[in-house]
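Since the structure is predicted, the reported quantities are computational estimates derived from the model, not experimental observations. Proteins get letters first, then strands, A, B, ... in listed order; numbering begins at 1 in each.
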Number of protein chains: 2
Amino acid sequence: MDQNKIPQATAKRLPLYYRFLNNLNQQGKSRVSSKELSEAVKVDSATIRRDFSYFGALGKKGYGYNVEYLLEFFRKTLDQDEVTEVALIGAGNLGTAFLKYNFMKNNNIVIKMAFDASAEKVGEDIGGVPIYHIDEMEERMDGIQVAILTIPAGETDGVTERLVDYGVTGILNFTPARITVPEHIRVHHIDLAVELQALVYFLKHYPLENE
Amino acid sequence: MDQNKIPQATAKRLPLYYRFLNNLNQQGKSRVSSKELSEAVKVDSATIRRDFSYFGALGKKGYGYNVEYLLEFFRKTLDQDEVTEVALIGAGNLGTAFLKYNFMKNNNIVIKMAFDASAEKVGEDIGGVPIYHIDEMEERMDGIQVAILTIPAGETDGVTERLVDYGVTGILNFTPARITVPEHIRVHHIDLAVELQALVYFLKHYPLENE
DNA sequence: AGAAAGTCGTTACCCATTTCACAATTTAAT
DNA sequence: ATTAAATTGTGAAATGGGTAACGACTTTCT
Ligand SMILES: NC(=O)c1ccc[n+]([C@@H]2O[C@H](COP(=O)([O-])OP(=O)(O)OC[C@H]3O[C@@H](n4cnc5c(N)ncnc54)[C@H](O)[C@@H]3O)[C@@H](O)[C@H]2O)c1
Ligand SMILES: NC(=O)c1ccc[n+]([C@@H]2O[C@H](COP(=O)([O-])OP(=O)(O)OC[C@H]3O[C@@H](n4cnc5c(N)ncnc54)[C@H](O)[C@@H]3O)[C@@H](O)[C@H]2O)c1
């Protein structure tokens, strides 16, 4: 769709910039420098300038960036106009927290439906999201391309296979299981236990450094 | 404490290796090659060998690695002998999910207590963890060094300041707010909304590539 | 015993990303 | 009008991490 030239590291920071620019705009600020932005989002100012420069010359030398212009630009670039619908698989502890959270607000993403294997959950509505039985997944999915996985680790392979067969293009996997998918499907892992343990490890072994 | 030579990227993979070695050990396997490990944890085998080599020659050429030996080694390296106690601030949707999760099992980390500002939550026990009022934080913390932040974004700066004054050394921050702390304190950010939006962005703009 | 296969540890290279540093430009001040 | 200050965009260097490839060694096979 867009230019394939934008580095992935940059792409990951865009939502962050976008959210902060929104704040600034709401505060009525009309102008911002890379230095100010840097302090707020904790990213080096040179990195910010470089990131922006991939999209062309968005700023003005000696002045900085116009907040409204930048915001408008990113809104288009991040496709904030169209809502992305995702499905959540596994309405347990973690899944429930996500269902109650409003990703719509800043991110224009909405969890459209959830699936679970437990009879207790099926039929319920959590945070306004209907929960269907996992057996009905394929017939209910209605073209949804992205799935959030919050099921027990042991269930992961089976469910993943079904998601792949169904035709999702992206999976956000919160289980500790490492999944195998065809190359054209993108998987992001978020392993909360590993994150926590890694933090503890760093504290013990790198007492005074920064990340 | 240990060698400062270990790259951060390696350090982040250690908990993953550890968990998988545990599985292998429980399955009764006594020997494993970097190739097998690679397939299981989805990390290139050369990277695994490189990672291990930072700690010395742990394997044997032509044979692979001895599971029990490696496990014992990592147990020591990752300080899996001592339990790390952490505190959770904000027993809301996300916080509750964490409280109900057993980080102890594989990670020897335990959420010892939680704090919340809401009268409804205080006094409750979630997942066996007592919830105290945030006003009592300093007197209850009892030397805990690590905090998990799951409070509303707007509360983040105030609470962070108190945590810093109290003397924590590490914070795992799930709020969208970017916090400022003195250099000697380590903060890891996990911004779930950004992760989700980044996944969606990649799907739309890099349809066929790998991360 | 000797040959073949397997596997590590490491060297050398590659790539992506970050950061420095500065010319170019604009704004603000006197 | 001139000067000083601010700030961008980017070339070049530094950092950091990943991986192909191979010599060395071990195990297994015949
Ligand atoms: N809760 C946490 O804080 C936390 C932390 C780290 C990792 N995780 C991981 O996240 C995942 C979910 O954790 P959780 O605490 O929410 O677990 P949970 O047991 O509370 O929830 C799992 C849910 O999945 C449902 N389920 C089971 N099999 C299913 C299937 N085949 N199809 C659809 N639904 C199915 C269950 O009915 C349940 O509602 C687990 O893999 C866990 O290891 C959770
Ligand atoms: N739930 C999600 O899926 C999700 C996703 C992305 C980001 N987040 C972020 O995680 C954070 C928590 O989200 P949540 O959904 O659990 O929110 P929540 O409102 O359910 O929970 C927040 C909890 O913090 C408590 N609290 C408020 N002020 C406090 C204070 N000063 N000290 C201690 N406790 C206080 C509240 O009483 C409440 O129990 C938010 O910053 C949110 O943006 C959550």
Side-chain angles (χ1 to χ4, degrees), chain A residues 3-14 16-17 21 24 29-67 69-70 73-74 178 183 188-189 198 201-202 205-206 209-211, chain B residues 3-14 16-17 21 24 29-70 73-74 189 198 201-202 205-206 209-211:
Chain A
Q3 318 84 327
N4 275 30
K5 323 157 212 139
I6 286 125
Q8 307 221 350
T10 296
K12 282 196 183 176
R13 283 186 292 266
L14 298 182
L16 189 58
Y17 297 147
L21 288 167
L24 279 185
K29 281 207 77 169
S30 68
R31 167 182 171 176
V32 68
S33 71
S34 61
K35 187 150 161 282
E36 279 174 279
L37 260 173
S38 169
E39 277 151 26
V41 299
K42 312 279 191 261
V43 171
D44 186 273
S45 69
T47 301
I48 293 178
R49 291 198 300 282
R50 169 84 64 198
D51 282 346
F52 288 0
S53 79
Y54 290 115
F55 299 96
L58 304 178
K60 239 204 277 192
K61 296 182 182 185
Y63 173 89
Y65 301 89
N66 178 291
V67 172
Y69 176 78
L70 212 51
F73 183 84
F74 278 123
R178 259 44 186 180
E183 260 199 13
H188 284 204
H189 271 277
Y201 178 86
F202 282 135
H205 296 265
Y206 300 73
E209 326 214 12
N210 353 0
E211 188 184 356
Chain B
Q3 318 84 327
N4 276 29
K5 320 157 215 142
I6 286 125
Q8 306 222 350
T10 296
K12 282 198 182 174
R13 284 187 291 265
L14 298 182
L16 190 60
Y17 297 148
L21 288 168
L24 278 186
K29 281 207 77 170
S30 67
R31 168 182 170 175
V32 69
S33 70
S34 60
K35 186 148 162 283
E36 280 175 278
L37 260 172
S38 169
E39 277 150 25
V41 299
K42 313 276 190 259
V43 171
D44 187 274
S45 68
T47 301
I48 293 177
R49 292 199 297 282
R50 160 85 64 212
D51 282 347
F52 288 1
S53 79
Y54 290 116
F55 298 96
L58 303 178
K60 238 204 277 192
K61 296 182 179 183
Y63 173 90
Y65 301 89
N66 179 292
V67 173
E68 221 168 313
Y69 176 79
L70 212 50
F73 182 85
F74 278 122
H189 270 277
Y201 179 86
F202 283 136
H205 296 264
Y206 302 71
E209 327 215 12
N210 351 1
E211 189 183 355

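- Put simply, OH on B:Y54 is 12 Å from P on D:dG16, counting in whole angstrom units.
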Side chains of residues 55-63 of chain B: which donor-acceptor partners sit under 3.5 Å, not counting sequence neighbours?
none

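- Atom CG in B:L70 sits roughly 13 Å away from atom C1' in C:dC8 (whole-Å rounding).
- In this structure B:R50 satisfies the salt bridge (charged side-chain N to carboxylate O under 4.0 Å, His left out) test with no other residue, sequence neighbours excluded.
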Practice problem: Given side chain to side chain contact (heavy atoms under 4.5 Å, CB included), test A:R13 with A:V41 step by step and report yes or no. | Solution: CA-CA 9 Å; A:R13 283 186 292 266; A:V41 299; over 6 Å; no
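- Closest of all the heavy-atom pairs between B:S34 and B:I48 is O-CD1, 3.9 Å.
- Checked by atom type and distance alone, the side chain of A:E36 pairs as donor or acceptor with a backbone atom of A:S33 at under 3.5 Å.
- From one end of the helix from C:dA1-D:dT30 to C:dT30-D:dA1 to the other, with five pairs defining each end axis, the axis direction shifts by 10° (rounded to 10°).
- The side chain of B:Y65 places an N or O atom within less than 4.0 Å of a non-bridging phosphate oxygen (OP1 or OP2) of C:dG9.
- Atom pair B:E36:CD and C:dC8:C1' shows a separation of 14 Å (rounding to whole Å applied).
- Separating the CD1 atom of A:I48 from the C1' atom of C:dC20 is a distance of 16 Å, rounded to the nearest angstrom.
- Of the candidates D:dG17, C:dT19, D:dG18, D:dG17 carries the atom nearest the B:Q8 side chain, counting heavy atoms from C-beta on.
- Between A:T47 and C:dT18 there is no side-chain N or O to OP1 or OP2 distance below 4.0 Å.
- Across all strands shown, B:S45 has no heavy atoms under 4.0 Å from either base or sugar-phosphate atoms.
- In this structure, B:S34 reaches the sugar-phosphate backbone alone: every heavy-atom distance under 4.0 Å involves primed, P, OP1 or OP2 atoms, never a base.
- The nearest whole Å value for the distance from the NZ atom in B:K12 to the P atom in D:dG17 is 10 Å.
- Side-chain atoms of B:F202 and A:Q8, non-hydrogen and from C-beta on, do get closer than 4.5 Å to each other.
- Residues passing the ring pair (Phe, Tyr, Trp, His ring centres under 6.0 Å) test with B:F52 are B:Y17, B:Y65, B:F74, sequence neighbours excluded.
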Quiz item: Could you write nucleotides 20-30 of chain D as a row of B, S and -, 5' to 3', where a protein heavy atom under 4.0 Å of any base atom gives B, of only sugar-phosphate atoms gives S, and otherwise -?
Solution: -B-BBBBSS--
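- In this entry the distance linking CZ of A:R13 with P of C:dA16 reads 15 Å, nearest Å.
- When rounded to the nearest whole Å, the span between CG of B:D51 and C1' of C:dT10 equals 14 Å.
- Every residue two or more places apart in sequence or in another chain was checked for a salt bridge (charged side-chain N to carboxylate O under 4.0 Å, His left out) with A:K42, and none qualifies.
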Quiz prompt | Candidate pair B:F73 and B:L21, rule side chain to side chain contact (heavy atoms under 4.5 Å, CB included), full reasoning | solution = CA-CA 11 Å; B:F73 182 85; B:L21 288 168; over 6 Å; no
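- At the heavy-atom level, A:F52 lies nowhere under 4.0 Å from the strands shown.
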